[in-house]
There are 2 protein chains.
Amino acid sequence: MTDVKSANNPLFLREEELRQAIELLFFAYRDFTAGPDQILKDYNFGRAHHRVIHFVGRNEGMTVSELLDILRITKQSLNRVLGNLIKRGFIEQRQGEEDRRQRCLYLTEEGRQLEQKVSRVQRDLVARAFREAGGDAVAGYRKVLMGLIDEDNRDTVLGRVLKP
Amino acid sequence: MTDVKSANNPLFLREEELRQAIELLFFAYRDFTAGPDQILKDYNFGRAHHRVIHFVGRNEGMTVSELLDILRITKQSLNRVLGNLIKRGFIEQRQGEEDRRQRCLYLTEEGRQLEQKVSRVQRDLVARAFREAGGDAVAGYRKVLMGLIDEDNRDTVLGRVLKP
DNA sequence: ATTTTACGTCAGTCATGTTGACATATATTT
DNA sequence: AAATATATGTCAACATGACTGACGTAAAAT
């Protein structure tokens, strides 16, 4: 941040720093998803299935609309993936009790096992990175990522993430 | 980290914390790519084109192999995207001087303009998040993301990211 | 002279996203 | 009670970006 170059041209390093941050996110995300992708291939599932299993596992009884809202995809896209997971017995639907139009989503026992298996890989990766980086770094990581989330629904999203 | 729950079950909070970190990355990445995606749609380009333009812009004269190595996709996949960008005049190839089998990649003037336009959105987003989070947080962000990068080629990747 | 490397290309497939139209059951509003 | 709105499902067509496998060509390395 204080450097010969930045003394001459204060914008230079800043831009370079931002570029690095962007690439870092790209590479980290790439490797972060590689583990789950690998496991899911054995089930003929993809990343889309993973996301569904993950969010349903974390929000048992959530409705289809809520899931659509999180994933930001069309219901047609979701339905192919979700239908698949239901047909193959990883997720089950129950009619909403208050509003019987709703379909509430739950993991089956099989679904829970898959969720655990896949998320373990990812959690182990993150855990190692956290351990190596230390507590302060983790706090910074969280702070920055929160800031990257779309301001317009940041509260909603963070509410969901930090939920419990 | 020190809490009623974690006193009873030290694994609980840890797992929850990791889960949050994972979702945070998911949401941040989603919103981080939304801006560029939006702009690129006007050109009938997608995220794949963006990545190519980004990395070629950052590594002028890089070869096709190097690009393949970064993106981790097949040459057939790359070729559709790359061929498209070349045909439409955003990227040009020149035969390697030392090794004339190589095709070295460069942005055209038009390509550079698009790269700037798209990356500005992303840089602005990251810049705001960095400013709001503060320098220490940024250091932590970098530390953690570096730790998420696949250990086996971490040095290679970081070498590229931190290159200049 | 042979083999390896860097790149390109044809052809087919799959996963995951999109739009648009329409159907059905249940809630809500008038 | 009738009309409207909402939650969900479904059919069909299409785009993007990944994949595999096979084959070709030019240049470099052995």
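We name chains A, B, ... by the order of the sequence lines, and we start the count at 1 in each one. Given the structure is predicted, the values throughout are model-derived calculations rather than measurements.
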Undergrad: Distance check needed: D:dA15 C1' versus B:R47 CZ, whole Å only.
TA: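 Taking atom C1' of D:dA15 as the reference, CZ of B:R47 is at 15 Å.
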Undergrad: Treating primed atoms plus P, OP1 and OP2 as sugar-phosphate and everything else as base, which nucleotides of nucleotides 17-30 of chain C get B, S or - for protein heavy atoms under 4.0 Å?
TA: BBBBB---BBS---
Undergrad: Phosphate oxygens OP1/OP2 of C:dA15: is one of them under 4.0 Å from a side-chain N or O of A:H49?
TA: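 It does not, given that no N or O in the side chain of A:H49 lies less than 4.0 Å from OP1 or OP2 of C:dA15.
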Undergrad: Salt bridge check: are B:R72 and A:D31 linked by an N-O gap of less than 4.0 Å?
TA: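 A salt bridge is present here (some side-chain N lies under 4.0 Å from a carboxylate O).
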Undergrad: Roughly how many Å is it from CZ in A:F45 to P in C:dA15, rounded to a whole number?
TA: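 For the pair A:F45 CZ and C:dA15 P, the rounded distance is 11 Å.
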Undergrad: Return the value, rounded to whole Å, for the distance between atom CG of B:D69 and atom P of C:dA6.
TA: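 In whole Å, C:dA6 P lies 11 Å from B:D69 CG.
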Undergrad: If you look only at pairs with a residue in residues 121-160 of chain B, which of them pass as a ring pair (Phe, Tyr, Trp, His ring centres under 6.0 Å), with sequence neighbours excluded?
TA: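 Sorted pair list: B:F130-B:Y141.
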Undergrad: Within a 6.0 Å radius of atom CD on A:E109, are there more than 12 heavy atoms belonging to other residues, nucleotides or ligands?
TA: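 Counting neighbours around CD of A:E109, more than 12 heavy atoms of other residues, nucleotides or ligands fall under 6.0 Å, so yes.
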Undergrad: Is it the case that the ring center of B:Y29 lies less than 6.0 angstrom away from the ring center of A:F26?
TA: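 Ring centres of B:Y29 and A:F26 not closer than 6.0 Å.
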Undergrad: Any salt bridge between B:E23 and B:R19, counting N to O under 4.0 Å?
TA: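 No, this pair does not count.
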Undergrad: Roughly how many Å is it from CG in A:N44 to C1' in C:dA15, rounded to a whole number?
TA: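 Going from CG in A:N44 over to C1' in C:dA15 covers 11 Å.
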Undergrad: Whole-Å distance between D:dG17 P and B:L71 CG?
TA: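 Whole-Å distance recorded here is 12 Å.
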Undergrad: Without decimals, in angstroms, what is the distance between A:K41 NZ and C:dC14 P?
TA: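 So the NZ-P distance, A:K41 to C:dC14, works out to 15 Å.
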Undergrad: Under 6.0 Å from the six-membered ring centre of B:F45 and within 45° of its axis: does the NZ or CZ of B:R88 meet both?
TA: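 Yes, B:R88 sits over the ring of B:F45.
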Undergrad: Would you kindly give the CG-to-C1' distance between A:N79 and C:dA15, to the nearest whole Å?
TA: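 Atom-to-atom, A:N79 to C:dA15, this comes out as 16 Å.
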